[in-house]
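Notes for the one structure printed next.
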Amino acid sequence: MPSVYIRPIALADSPQAEDGEAIRLGGGLVYASRFGLLVCDGTKVVSRRRFGGAEAREAIAGLPDALAADATEQWDNLRRSHAPIACGQRMLRLDQPQLMGILNVTPDSFSDGGKFLDKPDAALEHAHAMLSAGAALIDVGGESTRPGAGAVWEGDEVKRVVPVIENLAAAGAAISIDSRRSTVIEAALAAGAHIVNDVSAMRHDARTAEIVARSGAPVILMHAPGSDGDLHADGDYADVVLDVFDALRERRDAAMAAGIARDRILLDPGIGFGKSLAENLALINALPMFHALGQPILFGASRKRMIGALSNEAPAHQRMAGSVMLALKAMDAGCQMVRVHDVAETVQALHVWRGLRDAALTDFSQLA
Ligand code: PMM
């Protein structure tokens, strides 16, 4: 059965820059004016054409019926805006990029492992510093998912994350729990976490979907190729962009089939999880396409290995500039949430980026 994909291939500064051709991507501050329409059968590309925004209906009408319905849905999804997410008293607006600050309470995470384990004061101080610097929410994790990380007993994972979550919740912070274990997720939600961030996209633990559905909490479904123990295994892709797109669509549909409301689901291409440098780069360049899935997009590349690989093997603590660069790339692609370690620096970049976007919207000389 052939499949169809719509990929934005040219971004515009504003709708007036490309009169009648530009659409607003994912309800954010980014516009796209040209698109690629790709039909594939397995690994074979059957047809490809390019079209401007004003020609979308005509381009889609030229497809066989079975594909036209899917393409119409993707076209509508590209322009779908997303309601804010309530996190206790806070509302997370998804019409502009938000920063998620990372707090790993683990012995072995690749960049901050050991800094906050068994040091609750240091962990909380760091979380509060990220909030003061402008993080919209804090992502609390108690298990390292780096390649080859040792397994952690779920009782220990609960003990690591729950006290931190309780404290942050009492302070009114928005919190996500970064875990793939239902017991940990359940304990974290009871302790006051608002959002579930599951790097296995709810494949690791069969109970997770039921718990998320019952709680009504939003869930972030991240792509990783491996199932079970090693999330990084089995990364052999025919085309990494299309394969990750298909996999996220399948997880979105599985979540909805499990009773999770569509407006509770965020998707994440899983940069660095079972992907080579070339595959990560291809995914990052293709980010605007993921709006065609119709869900808010989270992007996380902060301090990841790919930055070291492109910068003379800089160690994790010297990857801030590369991380900010990739965060900006995600903002330019209209991603609604960016997961970062260096909150203050990324907030500054975000503010400057935001200034440019706002100025473009009122720059009528573009019409000249
Ligand atoms: N990366 C890590 C952990 N959790 N969650 C999401 N949704 N997306 C990511 O890219 C992601 C994640 C690994 O990085 P870390 O060790 O710095 O937390």
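Remember, it's 1-based here, ligands and their atoms both numbered in the order they're listed.
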Give the ring-plane orientation class for [X] versus [Y], where under 30° counts as parallel, over 60° as perpendicular and anything between as tilted.
X: Trp75; Y: Phe35; result: perpendicular
X: His232; Y: Phe273; result: parallel
X: Tyr237; Y: His223; result: tilted

For ligand 1, what are the residues with a heavy-atom contact below 4.0 Å?
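For ligand 1, the residues that come within the 4.0 Å heavy-atom cutoff are Ile102, Asn104, Phe110, Thr145, Asp178, Asn197, Val199, Ile220, Met222, Asp268, Phe273, Leu298, Gly300, Lys304, Arg339, His341.
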State whether the number of non-hydrogen atoms from other residues, nucleotides or ligands found under 6.0 Å of Glu313 atom CD is greater than 12.
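Counting neighbours around CD of Glu313, more than 12 heavy atoms of other residues, nucleotides or ligands fall under 6.0 Å, so yes.
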Please list all pairs meeting salt bridge (Lys or Arg N to Asp or Glu O under 4.0 Å) that have one or both residues in residues 184-198, counting only residues at least two apart or in different chains.
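For residues 184-198: Glu186-Arg207.
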Checking side-chain polar atoms at under 3.5 Å, does Ser111 have a donor or acceptor matched by the opposite partner on Arg303?
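Short answer, yes.
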